[in-house]
Amino acid sequence: MEQIDGKALILACSAIGAGLAMIAGIGPGIGQGFAAGKGAEAVGRQPGAQSDILRTMLLGAAVAETTGIYGLIVAIILLFANPLISKYMSLIG
Amino acid sequence: MEQIDGKALILACSAIGAGLAMIAGIGPGIGQGFAAGKGAEAVGRQPGAQSDILRTMLLGAAVAETTGIYGLIVAIILLFANPLISKYMSLIG
Amino acid sequence: MEQIDGKALILACSAIGAGLAMIAGIGPGIGQGFAAGKGAEAVGRQPGAQSDILRTMLLGAAVAETTGIYGLIVAIILLFANPLISKYMSLIG
Amino acid sequence: MEQIDGKALILACSAIGAGLAMIAGIGPGIGQGFAAGKGAEAVGRQPGAQSDILRTMLLGAAVAETTGIYGLIVAIILLFANPLISKYMSLIG
Amino acid sequence: MEQIDGKALILACSAIGAGLAMIAGIGPGIGQGFAAGKGAEAVGRQPGAQSDILRTMLLGAAVAETTGIYGLIVAIILLFANPLISKYMSLIG
Amino acid sequence: MEQIDGKALILACSAIGAGLAMIAGIGPGIGQGFAAGKGAEAVGRQPGAQSDILRTMLLGAAVAETTGIYGLIVAIILLFANPLISKYMSLIG
Amino acid sequence: MEQIDGKALILACSAIGAGLAMIAGIGPGIGQGFAAGKGAEAVGRQPGAQSDILRTMLLGAAVAETTGIYGLIVAIILLFANPLISKYMSLIG
Amino acid sequence: MEQIDGKALILACSAIGAGLAMIAGIGPGIGQGFAAGKGAEAVGRQPGAQSDILRTMLLGAAVAETTGIYGLIVAIILLFANPLISKYMSLIG
Amino acid sequence: MEQIDGKALILACSAIGAGLAMIAGIGPGIGQGFAAGKGAEAVGRQPGAQSDILRTMLLGAAVAETTGIYGLIVAIILLFANPLISKYMSLIG
Amino acid sequence: MNGILDLLIGWMAHVDKRALILAFSAIGAGIAMIAGIGPGIGQGFAAGKAAEAVGNNPEGGRPATIVMLLGSAVAETSGIFSLVIAIIMLFANPLVTREGIGIVLAASAIGAGLAMVAGIGPGIGQGFAAGKSAEAVGKRPKLQSPIVRTMLLGQAVAQTTGIYALIIALVLLFVNVLK
Ligand code: NA
Ligand code: NA
Ligand code: NA
Ligand code: NA
Ligand code: NA
Ligand code: NA
Ligand code: NA
Ligand code: NA
Ligand code: NA
Ligand code: NA
């Protein structure tokens, strides 16, 4: 009779960990949306400064994206290159 | 008598992981809504700059969408191309 | 005596995953409400620009809806076309 | 534990899933309240534009309601027309 | 030593589901409070428009209440007219 | 018959811990996005001060990134240099 | 047959505790980002006061960092100098 | 589960409790960052009042730190002077 | 499965409850930080009213502290004067 | 035995019913306190607006401060409700002595705590109302009574979901509906 083994538990919890890591994406979503709104407002007021405004908005948004990317990277590591299951396999020989 | 096995546990936790990943969508929803509000305000003030305002708003909103998309991609991977169960099947041979 | 099997665990966790995915709806709710408020304010100030304001508000709100829809789609997949249980049935043959 | 069967587990987790889905209601509550406040402010400033302001506020609030409705629908499906338990009954024959 | 049976698990999870559903009430509380604040501010600015301001504020607040009511209804269903336990009793005959 | 052992539990919970740590990324995402928006606004108003504004925005954003980095570091430690499993291996000899 | 023991449970829960502690980092991320945005705005308005503005912004941001550091310290203690497992080892002698 | 004793369960849950307590740090992080931003803005406007502004900002930030400290203290108690395990040891004599 | 010691379970869950209670501290942290920021702004504008501003800010902040104190009190009760374990001991005689 | 479900649920069958209820009551009490986030944010907002009002208009400062305190008192209710529910669970636990199934009663304690978290909303919202009213009264002290009346009306509306939550929590604790 097959039972749940350690390998399955690690991989199952990796699915949950990957999902949790994606929650970081709330932050850039809110922040960049704020930047979009302020950018639109600024462009409406000073259409002549549009390129400067856009450049600043996009530069700032790129900076705000990083922690969302970190979360994505951790999720991808858990899903595709799971070091925890490798560690476990080496431990149980 | 059938029991819960490792495959079932991984797939079950993948359902939870997929649900968690979608929570990232809170961010773009708030942020883009903010952009929509500021865009509407700006258009009301400077109807002449409407196309510039809309372009900025939509560009910024596209940037703000990314982490929501990341969450969706991780959920789709967990649901349709689950690499964790593949890994498990290869491990248990 | 009947026991819990893998199929039941996957379907049970799919119910939780579906519920979690809906939480994404917090975002569009806040964001679109913000847009509604700013839209109402703008219409009050420039009744003449009402159609432009409304169009911008609704366009922005449509953009802000997407991640809520993503969550709904993932929930519907988990409830009605669950690929995880299909995968499991094919694995256990 | 011996007496818990798969049907019970699915129905039990459906109760939790239904509860989680309702949390989406935070969003429309905040957003529509914001719209109410801005609407009241706008009506105070331009009583003459009251009907335009109210129409915009209510239109925007209706848009903001959707994800709360999605959550309610998922909860009602889990409570009253649970497709997961149907699936399980068909799988275990 | 007490046994956990299927009914008990469903009822226990219904209690938790009911509690989770109430969390939706955060939204209307924040939103309507915002409306109250903006309403008070507006009354302070234009005492003459008080009845219009109050009517708008209360109309908007009523709209913002709905998702809180949805959560309450789901909780009441889980506590007082639990369809999941009915389903279970009919399934186990 | 293989069962879940202590090593597997530690590594499985490390996956969840890594996911939780990434949630810190919500903060820098929101904060830096706010900075991006205010920066874009400021550049629109005073294009001549663009370099000063950008420098301040980026300096402040760098400061705001730190706790997101802390979360990433803790996740990486849990995934790649897990001191908890090392401790366990030394304890169980 | 090896099973889960108390040492493993403590170390596993320490991984989760370390992840939870990092969530504190949301706060400084949001707060310092706000400071960055207001700082950029202020520098744009009064470039002559740049050094005073920057000093105030950085001093305030340093104060705002502390609770993120507390979370990091608690996580590091749980990961590298776990007093709970030491206590357990001394108790079970 | 047979080998987990009460002592281990208490210490394991203390690790989780300590992590949860640190989450309080979100608050001071946001609040003090807001103070830093408003302080920087105020210093930019009235450089002459810098010392008064800074004193007010730091006094207010000190007040805002307290609940973060409370969380840290509870975590430290759980980690280093755990009264729950002491209670348990005295109960089981 | 061996009987889990009820005393240990109560004390273990008390550790988690104490940690959860501290999360309340998010609120005073944000609120008092807001007060600190507005206070600093006000002092910068009207240095002559500094003592009045400070008094109001501190009075309001004291009011805002209470729920953080409530959380701390509940945590301290759970940690040091646990009425739940006393109740249990009296119940099991 | 199913190992993983024993780990998640099954152990509850191997614990004394009263211990399970009291243990989950500890968690429920902790969860209930999280509602305190709301008044903390809201009252802090009110404090900031009142401090601003005092600086802007010395004549309106005193009435603004009084309005801030009145509005903040209303905003405190969610925190008090949660504290009361937590204290009931800790010191006068009605679940532990009730006839019923152990895990259902234990889960009721957690459900009650979760429901109280709704109090975050009224706490923030009513505090916001307090702050805006303090600001308005600071600007126009003569309009204090219509402003305060509007504030209290709005705060009453914002209270409802907190009341709903309190009712559900009390039902879970005191009414044996889950049989
Ligand atoms: Na970033
Ligand atoms: Na993005
Ligand atoms: Na979107
Ligand atoms: Na919507
Ligand atoms: Na609504
Ligand atoms: Na930082
Ligand atoms: Na701090
Ligand atoms: Na404080
Ligand atoms: Na308070
Ligand atoms: Na209400």
Side-chain angles (χ1 to χ4, degrees), chain A residues 1 3-7 9-10 12-14 16-39 41-43 45-46 49 52-57 59-61 63-68 70-71 74-75 77-78 82-85 87-88 91-92, chain F residues 1-47 50 53-54 57-58 61-62 64-65 67-69 71-72 75-76 78-82 85 89:
Chain A
M1 195 170 63
Q3 280 229 350
I4 294 179
D5 57 8
K7 296 184 285 294
L9 187 69
I10 293 169
C13 287
S14 294
I16 293 176
L20 287 169
M22 300 317 295
I23 294 178
I26 293 175
I30 296 179
Q32 293 166 344
F34 178 85
K38 295 302 278 185
E41 185 182 48
V43 162
R45 277 198 190 129
Q46 294 93 2
D52 283 347
I53 292 167
L54 278 183
R55 201 176 327 115
T56 307
M57 177 186 100
L59 172 63
V63 172
E65 184 81 0
T66 57
T67 51
Y70 300 164
V74 166
I77 288 172
L78 283 168
N82 199 305
L84 299 168
I85 193 73
K87 179 75 181 176
Y88 185 62
L91 284 176
I92 63 173
Chain F
M1 193 171 64
E2 198 184 348
Q3 282 226 349
I4 297 178
D5 58 7
K7 295 185 286 292
L9 187 69
I10 294 169
L11 291 167
C13 287
S14 294
I16 292 176
L20 287 168
M22 299 317 295
I23 294 177
I26 292 175
I30 296 179
Q32 293 167 344
F34 178 86
K38 295 302 279 185
E41 185 182 47
V43 163
R45 278 198 189 129
Q46 294 92 4
Q50 187 170 352
I53 292 167
L54 278 183
M57 178 186 99
L58 291 175
E65 184 81 0
T67 51
I69 302 274
L72 180 62
I76 286 175
L78 282 168
L79 293 181
F80 291 102
N82 199 305
I85 193 73
M89 297 314 290

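Hydrogens, waters and symmetry mates play no part in the numbers below; they use all other heavy atoms, side chains included. Quick note on labels: first sequence line is chain A, next is B, and so on, each numbered from 1.
- Taking the side chain as every heavy atom from C-beta outward, F:Met57 and A:Val63 never approach each other to under 4.5 Å.
- For a residue to count as touching a neighbouring chain, one of its non-hydrogen atoms must lie under 4.5 Å from one of that chain's; by this rule A:Ala24 touches chain F with backbone and side chain alike.
- Proximity to chain A (any heavy atom under 4.5 Å) is shown, for F:Ile76, by neither the backbone nor the side chain.
- By the 4.5 Å heavy-atom criterion applied to side chains, A:Leu78 and F:Leu79 are counted as neighbours.
- Considering only heavy-atom pairs separated by less than 4.5 Å from chain A, the leading option among F:Ile26, F:Leu72, F:Ile10, F:Ile69 is F:Ile26.
- From A:Thr56, atom OG1 reaches atom CG of F:Leu54 across 4.5 Å, with rounding to the nearest 0.5 Å.
- Residue F:Ile23 comes nearest to A:Ile23 through the heavy atom pair CG1-CB, 4.2 Å, listed as atom of the first residue, atom of the second, then distance.
- At a 4.5 Å heavy-atom cutoff, the contact between A:Ile77 and chain F is made by side-chain atoms alone.
- A:Ile53 touches chain F through backbone and side chain together, each having a heavy atom under 4.5 Å away.
- Residue F:Ile16 touches chain A through both its backbone and its side chain, counting heavy-atom pairs closer than 4.5 Å.
- Across A:Ala42, A:Ala21, A:Gly37, A:Ala49, the residue that shares the most heavy-atom pairs under 4.5 angstrom with chain F is A:Ala21.
- Donor-acceptor pairing under 3.5 Å is lacking for the side chains of A:Asn82 and A:Tyr88.
- At a 4.5 Å heavy-atom cutoff, the contact between A:Ala64 and chain F is made by backbone and side-chain atoms alike.
- The candidate from A:Gly25, A:Gly31, A:Gly39, A:Gly60 with the greatest count of non-hydrogen atom pairs under 4.5 Å with chain F is A:Gly31.
- Contacts between A:Ala18 and chain F at a heavy-atom distance below 4.5 Å are absent for every atom of the residue.
- With a threshold of 4.5 angstrom between heavy atoms, A:Glu41 approaches chain F through side-chain atoms but not through N, CA, C or O.
- Side-chain atoms of F:Gln50 do not come within 3.5 Å of backbone N or O of F:Val43 as any donor-acceptor pair.
- Ranking A:Met22, A:Lys38, A:Gln32 against chain F, the residue ahead of the rest is A:Lys38, based on heavy-atom pairs under 4.5 Å.
- The shortest distance between side-chain heavy atoms of F:Ile85 and F:Ser14 does not fall below 4.5 Å.
- In this structure, chain A has heavy atoms under 4.5 Å from both the backbone and the side chain of F:Leu20.
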>> Does F:Ile30 form a side chain to side chain contact (heavy atoms under 4.5 Å, CB included) with F:Phe34? I'd like the steps, not just the answer.
In response: CA-CA 6 Å; F:Ile30 296 179; F:Phe34 178 86; 5.6 Å; no

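- Using a 4.5 Å heavy-atom threshold, the side chains of F:Arg45 and A:Arg45 count as touching.
- Counting heavy-atom pairs closer than 4.5 Å to chain A, the top residue among F:Ala75, F:Pro47, F:Ala36, F:Ala40 is F:Ala40.
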